[in-house]
Amino acid sequence: QVQLVESGGGLVQAGGSLRLSCAAPGRTFSSYAMAWFRQAPGKEREFVAAITWGDGSTNYADSVKGRFTISRDIAKNTMSLQMNSLKPEDTAVYYCARTYRSNWRPQDFGSWGQGTQVTVSS
């Protein structure tokens, strides 16, 4: 199973920005869709955003709409999450994941990486 690798996390002040990246070293994404999830301490992992690899259509959780942008670079075989206007409640470990299902639900995603920590200070 392809292991995904996340990068780009860090510590930022509220209102700041970060850009996360997801790659599959040595492999080519062949998924129907890719997504970002996050898990805050003491909470369940939650869906953040998804992108259909073929046509680039996107979906977002209501909590990040207008602030986060998911994108993919087919040539570089990477996926990114641009996070603007960050809030302390965005603090979490962020994971990328994939699904081969066209009619996907958040629970259909897998191939979890180790995640990257995002901490937003107030």
Side-chain angles (χ1 to χ4, degrees):
Q1 193 170 16
V2 175
Q3 187 71 26
L4 301 175
V5 178
E6 304 91 343
S7 62
L11 173 64
V12 64
Q13 289 188 333
S17 299
L18 281 174
R19 186 176 181 87
L20 306 182
S21 293
C22 175
R27 302 288 296 271
T28 300
F29 287 145
S30 59
S31 311
Y32 179 83
M34 302 289 296
W36 289 97
F37 289 73
R38 66 186 181 186
Q39 187 167 20
K43 295 186 177 181
E44 294 188 352
R45 186 156 50 193
E46 65 173 357
F47 171 81
V48 175
I51 187 166
T52 301
W53 197 252
D55 65 10
S57 58
T58 58
N59 299 81
Y60 295 94
D62 288 342
S63 59
V64 306
K65 279 182 181 177
R67 300 188 299 122
F68 291 11
T69 302
I70 189 171
S71 61
R72 89 272 196 249
D73 187 324
I74 296 176
K76 294 183 179 180
N77 203 35
T78 59
M79 177 183 68
S80 297
L81 184 69
Q82 178 66 41
M83 306 185 294
N84 299 328
S85 302
L86 283 161
K87 305 175 181 179
E89 51 263 43
D90 294 318
T91 295
V93 177
Y94 283 70
Y95 301 89
C96 62
R98 62 192 293 171
T99 184
Y100 295 100
R101 298 178 66 96
S102 57
N103 192 23
W104 57 263
R105 300 165 300 169
Q107 54 264 47
D108 292 326
F109 285 87
S111 298
W112 306 100
Q114 295 300 307
T116 186
Q117 176 71 47
V118 171
T119 303
V120 184
S121 63
S122 58

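Values below: every heavy atom of this structure, side chains too, minus hydrogens, waters and symmetry copies.
Taking OG1 from T78 and CG from L4, the interatomic distance works out to 12.0 Å, rounded to the nearest 0.5 Å. Distance CE/M79 to CE/M34: 4.5 Å, rounded to 0.5 Å. Between the CD atom in E6 and the OH atom in Y94 there is a gap of 12.5 Å [rounded to 0.5 Å]. For the atom pair S31 OG and W53 CH2, the distance stands at 8.0 Å (nearest 0.5 Å). A distance of 7.5 Å separates CH2 of W36 from OG1 of T116, quoted to the nearest 0.5 Å. To the nearest 0.5 Å, atoms OG1 (T52) and CG (N59) are separated by 6.5 Å.
Shown here are the side chain to side chain contact (heavy atoms under 4.5 Å, CB included) partners of D108, two or more places apart in sequence or in another chain: T99, R101, W104, R105. Partners of S7 according to the side chain to side chain contact (heavy atoms under 4.5 Å, CB included) rule, which considers only residues two or more places apart in sequence or in another chain, are S21. Every salt bridge (charged side-chain N to carboxylate O under 4.0 Å, His left out) that E46 has, sequence neighbours left out, goes to R38.
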- Item | Derivation and outcome, side-chain contact (heavy atoms from CB on, under 4.5 Å), residues S71 and Q82 | CA-CA 8 Å; S71 61; Q82 178 66 41; over 6 Å; no
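Test V118, L20, V64 against L81 for side chain to side chain contact (heavy atoms under 4.5 Å, CB included) and you get one pass: L20. Each of T119, T91, V120 was evaluated against L86; a single residue qualifies, V120, per the side chain to side chain contact (heavy atoms under 4.5 Å, CB included) test.
Ring-centre distance between F37 and F109: below the 6.0 Å cut-off.
Closest approach of Y60 to F68, counting heavy atoms only: CE2-O, 3.2 Å. Across all their heavy atoms, D90 and S85 have their closest contact at OD2-O, 4.4 Å. Residues R98 and S111 come closest through the heavy atom pair CD-OG, 3.3 Å. Across A97 and W112, no two heavy atoms sit closer than the pair CB-CZ3, 3.4 Å. For the pair A35 and I70, the tightest heavy-atom approach, listed with the atom from each and the gap, is CA-CD1, 4.5 Å. Scanning both residues, G54 and R72, for their nearest heavy atoms gives O-NH2, 3.1 Å.
More than 12 heavy atoms of other shown residues, nucleotides or ligands fall within 6.0 angstrom of atom CG in D55. Shown here is Q107, whose CD atom has more than 12 heavy atoms of other residues, nucleotides or ligands within 6.0 Å.
Connection of V48 to V5 is not established within any shared hydrophobic cluster, with ILVMFWY side chains joined at heavy-atom distances below 4.5 Å, either directly or through further cluster members.
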